[in-house]
2 protein chains.
Amino acid sequence: MATTRAAQREQAKAAYDAFLAVCPSRQLLDRISDKWVVLVLCALGGVEGGPEGGARALRYSELARRLAGVSQKMLTQTLRSLERDGLLTRTVTPTVPVTVTYELTDLGLSLNGLARGMRAWAQDHMDEVLAARAEHDERA
Amino acid sequence: MATTRAAQREQAKAAYDAFLAVCPSRQLLDRISDKWVVLVLCALGGVEGGPEGGARALRYSELARRLAGVSQKMLTQTLRSLERDGLLTRTVTPTVPVTVTYELTDLGLSLNGLARGMRAWAQDHMDEVLAARAEHDERA
DNA sequence: GCTGCTACTCTCCATGGGGAAGTAGGCACT
DNA sequence: AGTGCCTACTTCCCCATGGAGAGTAGCAGC
């Protein structure tokens with residue numbers, strides 16, 4: 001079935017346009033634009049001061065402690081989906097009790113920069129946002 | 001009105017861990033790590049090809065069209081919260097019918113880079129994620 | 001045998017988000 | 001005059017999502 005050139009052009013234009021609800025990249029964007037995902041990536045990405053080399057493996061319980069406020073359900077769910085998407089690896093060590101560690105893959109590491117950027121932005125612009133919020137609420 | 005259990009939990013949580021839970025940037029991070037926020041910022045940030053100068057004002061209906069799949073409720077809600085946080089401005093022009101335009105502020109522009117990065121990442125790494133997903137599902 | 005530890009898994013329930021219909025208010029057409 | 005339409009919401013209903021807390025598996029130590 002010969003695809004028409006118009007259809008091809010149409011497809012090329014539509015290819016991976018995250019604005020389109022049907023595009024798979026939109027679903028991916030929806031998934032990574034999630035607070036727990038960003039937080040997990042930040043945690044596994046290492047300490048704030050360090051560069052890319054700061055990445056390290058963390059155990060389930062370490063992650064749970066670090067991301068205070070996350071429910072076990074959401075943590076497990078988030079980790080599973082990130083594992084499925086190849087952003088991190090899940091390693092079970094048959095010690096007693098069992099030890100499960102999570103570590104970023106190269107793919108995860110490439111997103112880690114953005115996640116860290118989000119966190120840095122939040123910290124850096126906290127004051128401005130707070131000021132804007134106060135001003136906005138005042139003239140309400 | 002007894003001391004609500006929610007308040008107690010809130011306090012206990014606050015005294016828990018300083019790394020991510022109590023950090024003031026955490027609430028902000030939660031807000032900006034939202035799919036609609038990222039999408040709105042991307043849309044207002046301008047076209048993909050353009051640099052920072054690509055930013056432009058969009059009308060409510062233009063945004064709704066661009067972010068296929070967003071409900072009016074969520075769009076309004078997202079825009080209002082972004083306005084409150086000083087990331088964008090809402091301008092009502094008393095034409096007939098009324099025209100409401102939204103435009104990024106400098107603060108919003110500074111986040112726009114990250115939002116655009118997220119979208120670009122999703123589009124660029126789509127194939128890898130799809131491959132990882134396929135491989136993962138296969139060995140299930 | 002009982003407890004404790006880890007990493008979940010399950011169950012219940014409040015909340016949040018989607019869909020669709022309603023609202024305001026002014027012009028344009030009949 | 002009345003009907004309708006346009007934009008930018010707002011409101012209502014309903015269901016999926018997410019949080020809280022309890023339960024589970026498997027083994028070591030007491």
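Just so we're on the same page: letters track the sequence lines, and every chain starts at 1.
To the nearest 0.5 angstrom, A:Asp34 atom CG is 10.0 Å from B:Lys35 atom NZ. In this structure, the separation between CG on A:Leu87 and CD on B:Glu128 is 9.5 Å, given to the nearest 0.5 Å.
If you take CZ of B:Arg90 and C1' of D:dT7, they are 12 Å apart, rounded to a whole angstrom. Between the CZ atom of B:Arg80 and the P atom of D:dT11 there is a distance of 11 Å, given to the nearest Å. The nearest whole Å value for the distance from the NZ atom in A:Lys73 to the P atom in C:dC13 is 14 Å. One atom, CG of B:Asp34, and another, P of D:dT17, lie 16 Å apart when rounded to the nearest Å. Between the CG atom of A:Asp30 and the P atom of C:dG18 there is a distance of 10 Å, given to the nearest Å. One can place CD of B:Glu62 at 8 Å from P of D:dA8, the figure rounded to the nearest angstrom. Taking atom CZ of B:Arg59 as the reference point, atom C1' of D:dT7 lies 7 Å away to the nearest angstrom. One interatomic measurement links the two molecules: CE of A:Met74 to P of C:dT15, which rounds to 18 Å at whole-angstrom precision.
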Each nucleotide of nucleotides 22-30 of chain C classed B (base within 4.0 Å of a protein heavy atom), S (only sugar-phosphate) or -, in 5' to 3' order, makes ----SS---

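With 3.5 Å as the limit, one finds a donor-acceptor pair spanning the side chains of B:Thr76 and B:Tyr60.
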Determine, stepwise, if the pair B:Arg59 / B:Thr99 fulfils side chain to side chain contact (heavy atoms under 4.5 Å, CB included). CA-CA 7 Å; B:Arg59 301 179 51 180; B:Thr99 307; 3.3 Å; yes

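Closest to the side chain of A:Tyr102, from the set C:dG18, D:dG19, C:dC8, is C:dC8. Checking C:dA7, D:dC9, D:dG18 against the side-chain heavy atoms of A:Val100 singles out C:dA7 as nearest.
Electrostatic pairing of A:Arg26 and A:Asp30 counts as a salt bridge here, judged by a charged N lying under 4.0 Å from a carboxylate O.
Residue B:Leu41 comes nearest to B:Ala115 through the heavy atom pair CB-CB, 3.7 Å, listed as atom of the first residue, atom of the second, then distance. The minimum heavy-atom distance between B:Leu75 and B:Val40, with the atom names listed, is CD1-CG2, 4.2 Å.
When the side-chain nitrogen and oxygen atoms of A:Ser71 are compared with OP1 and OP2 of D:dG18, none of them lie within a distance under 4.0 Å. Contact annotation: B:Trp36 reaches the phosphate of C:dG18 (side-chain N/O to OP1 or OP2, under 4.0 Å).
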